[in-house]
J.: 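Can you read through this structure? Questions will come right after.
As a basis for the values below, the full set of heavy atoms in this structure was taken, side chains included, without hydrogen atoms, waters or symmetry mates.
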Amino acid sequence: MVSTIYLVLHAWEAERDNIPMTTSAPVRPANSPIPIDLFVSKRHPGLPRGVLGFADSSGKIVFRVNRQTSLSSADDRTVLLDSAGNPLISTYRHHDGSWQGFNGDDGKKGLVFKVQRVSNKFTRTELEVFLGTENQGELTCDFKVKGCHFQRSCTIYKGDSLVAQTSLMHKLRQVYVRRSKFRITIFPGSVDPSLVVALVVIFLDNGPKKFQVLDKFPLSI
């Protein structure tokens, strides 16, 4: 209840002043007692245009993504880096609609997770996440990611618990909402923020290809 009130008041203050949230603290460890806000964009100052960055409320880059696509490679790869440029998680996208994430950037060593696409429609995308297992088998998934790619809206669940949620940057009296920048709120718990960010990147990469042209247009509300 306290966390919900905090989020509502926090968002209202940001909308009132027509600026991004400025009272959010920088990224804290996974057991942070308060929600963490990160702002996602490909137009962050200090990063080359087109590079996906995740910044805190002060504008400091916390995570960024390097994308490596090769016509000769069977898999597409993205590397999640911290603020100092250290590789945290390398994610490989396979042609069968699955992803694997590995520690660092040392090839396919140290499996962190496997992601399987369950549903991929214009209004609904759903992914299941399995932690640290080479063989999915009949295991129960550890996390679920559900949302709408076009609206940059997704929610990450661990069982019945809310882990993180993305949202567009709405402003008062705004007719069109730009989707080039949005917010991730990571709720208190034991999930590493880098894992959450890696899953959000996979969600963004998972949009139905026939609708990706619409990403160039704003969303009318």
J.: With salt bridge (Lys or Arg N to Asp or Glu O under 4.0 Å) as the criterion, how do Asp205 and Arg67 come out once you've worked through the C-alpha distance, each side chain's angles and the decisive distance to 0.1 Å?
T.: CA-CA 11 Å; Asp205 284 345; Arg67 188 178 306 279; 3.1 Å; yes

J.: Show the numbers, then the answer: is there a side-chain contact (heavy atoms from CB on, under 4.5 Å) between Val79 and Leu81?
T.: CA-CA 6 Å; Val79 181; Leu81 309 172; 3.6 Å; yes

J.: Roughly how far apart are Leu52 CG and Ser41 OG, rounded to 0.5 Å?
T.: 8.0 Å

J.: Before giving the answer on side-chain contact (heavy atoms from CB on, under 4.5 Å), spell out for Ile61 and Leu47 the whole-Å C-alpha distance, their side-chain angles and the decisive distance to 0.1 Å.
T.: CA-CA 9 Å; Ile61 299 299; Leu47 288 180; 3.8 Å; yes

J.: Just how far is it from atom CD of Glu128 to atom OG1 of Thr140, taken to the nearest 0.5 Å?
T.: 9.0 Å

J.: Do Tyr92 and Asp76 have side chains that get closer than 4.5 Å, going by heavy atoms?
T.: no

J.: What's the separation between atom CD in Gln116 and atom OG in Ser98, rounded to the nearest 0.5 Å?
T.: 5.5 Å

J.: Distance alone, cut at 3.5 Å: any donor-acceptor contact between the side chains of Thr155 and Gln165?
T.: yes

J.: Taking C-beta and beyond as the side chain, do Leu199 and Val129 meet within less than 4.5 Å on heavy atoms?
T.: yes

J.: Determine whether Ile202 and Phe113 satisfy the following criterion, side-chain contact (heavy atoms from CB on, under 4.5 Å), listing intermediate values before the conclusion.
T.: CA-CA 12 Å; Ile202 290 175; Phe113 59 77; 3.6 Å; yes

J.: Counting distance only, does the side-chain N/O of His44 pair as donor-acceptor with the main-chain N or O of Gly53 below 3.5 Å?
T.: yes

J.: Grouping I, L, V, M, F, W and Y whenever their side-chain heavy atoms are under 4.5 Å apart, do Val118 and Ile156 come out in a common cluster?
T.: no

J.: Under a 4.5 Å cut-off applied to non-hydrogen side-chain atoms, are Val197 and Leu80 in contact?
T.: yes

J.: Go through it in stages, so that I can follow the logic: the residues are Ile186 and Val191, the test is side-chain contact (heavy atoms from CB on, under 4.5 Å), and I'd like the CA-CA distance, side-chain angles, deciding distance and then a yes or no.
T.: CA-CA 9 Å; Ile186 304 175; Val191 179; 5.9 Å; no

J.: How many angstroms lie between atom CZ of Arg93 and atom CH2 of Trp99, to the nearest 0.5 angstrom?
T.: 5.0 Å

J.: By side chain to side chain contact (heavy atoms under 4.5 Å, CB included), which residues pair with Lys158, not counting sequence neighbours?
T.: Phe143, Val163, Ser190

J.: Can you confirm whether Phe102 sits close enough to Lys109 that some side-chain heavy atom of one is under 4.5 Å from a side-chain heavy atom of the other?
T.: no

J.: Are Val40 and Val51 connected in the hydrophobic side-chain network, where two residues link if heavy atoms are under 4.5 Å apart?
T.: no

J.: Any side-chain heavy atom of His94 within less than 4.5 Å of one from Gln100?
T.: yes

J.: Excluding sequence neighbours, so at least two apart, what forms side chain to side chain contact (heavy atoms under 4.5 Å, CB included) with Thr166?
T.: Cys154, Phe182, Ile184, Val200

J.: Suppose we screen for side-chain hydrogen bond (donor to acceptor under 3.5 Å, both in side chains). Which residues come up paired with Ser161, at least two apart in sequence or across chains?
T.: none

J.: For Asp82, give me all partners under side chain to side chain contact (heavy atoms under 4.5 Å, CB included), at least two apart in sequence or on another chain.
T.: Ala84, Asn86, Leu88

J.: Can a salt bridge be assigned to the pair Arg117 and Asp96 using a cut-off of 4.0 Å between side-chain N and carboxylate O?
T.: no

J.: What I'd like to find out is whether the side chain of Ser83 reaches to under 4.5 Å of the side chain of Phe63, using heavy atoms alone.
T.: no

J.: Under 4.5 Å between any side-chain heavy atoms of Asp56 and Phe39, yes or no?
T.: no

J.: Is a side-chain N or O of Arg152 found less than 3.5 angstrom from the main chain of His149, in a donor-acceptor match?
T.: yes

J.: Measuring from atom CZ of Phe203 to atom NZ of Lys146, what distance do you get when rounded to the nearest 0.5 angstrom?
T.: 12.5 Å

J.: For the residue pair Gly101 and Ile89, what are the closest heavy atoms and their distance?
T.: CA-CG2, 4.2 Å

J.: Does any part of the side chain of Lys42, heavy atoms only, come nearer than 4.5 Å to the side chain of Arg49, both counted from C-beta?
T.: no

J.: Name all residues meeting the salt bridge (Lys or Arg N to Asp or Glu O under 4.0 Å) criterion together with Asp142; count only those two or more places apart in sequence or in a different chain, and write none if there are none.
T.: none

J.: Please confirm whether the backbone N or O of Cys148 pairs with a side-chain atom of Ser153, one donor and one acceptor, at under 3.5 Å?
T.: no

J.: Partners of Asp106 by side-chain hydrogen bond (donor to acceptor under 3.5 Å, both in side chains), sequence neighbours excluded?
T.: none

J.: Once rounded to the nearest 0.5 Å, what's the spacing between atom OG of Ser57 and atom CD1 of Ile36?
T.: 11.0 Å

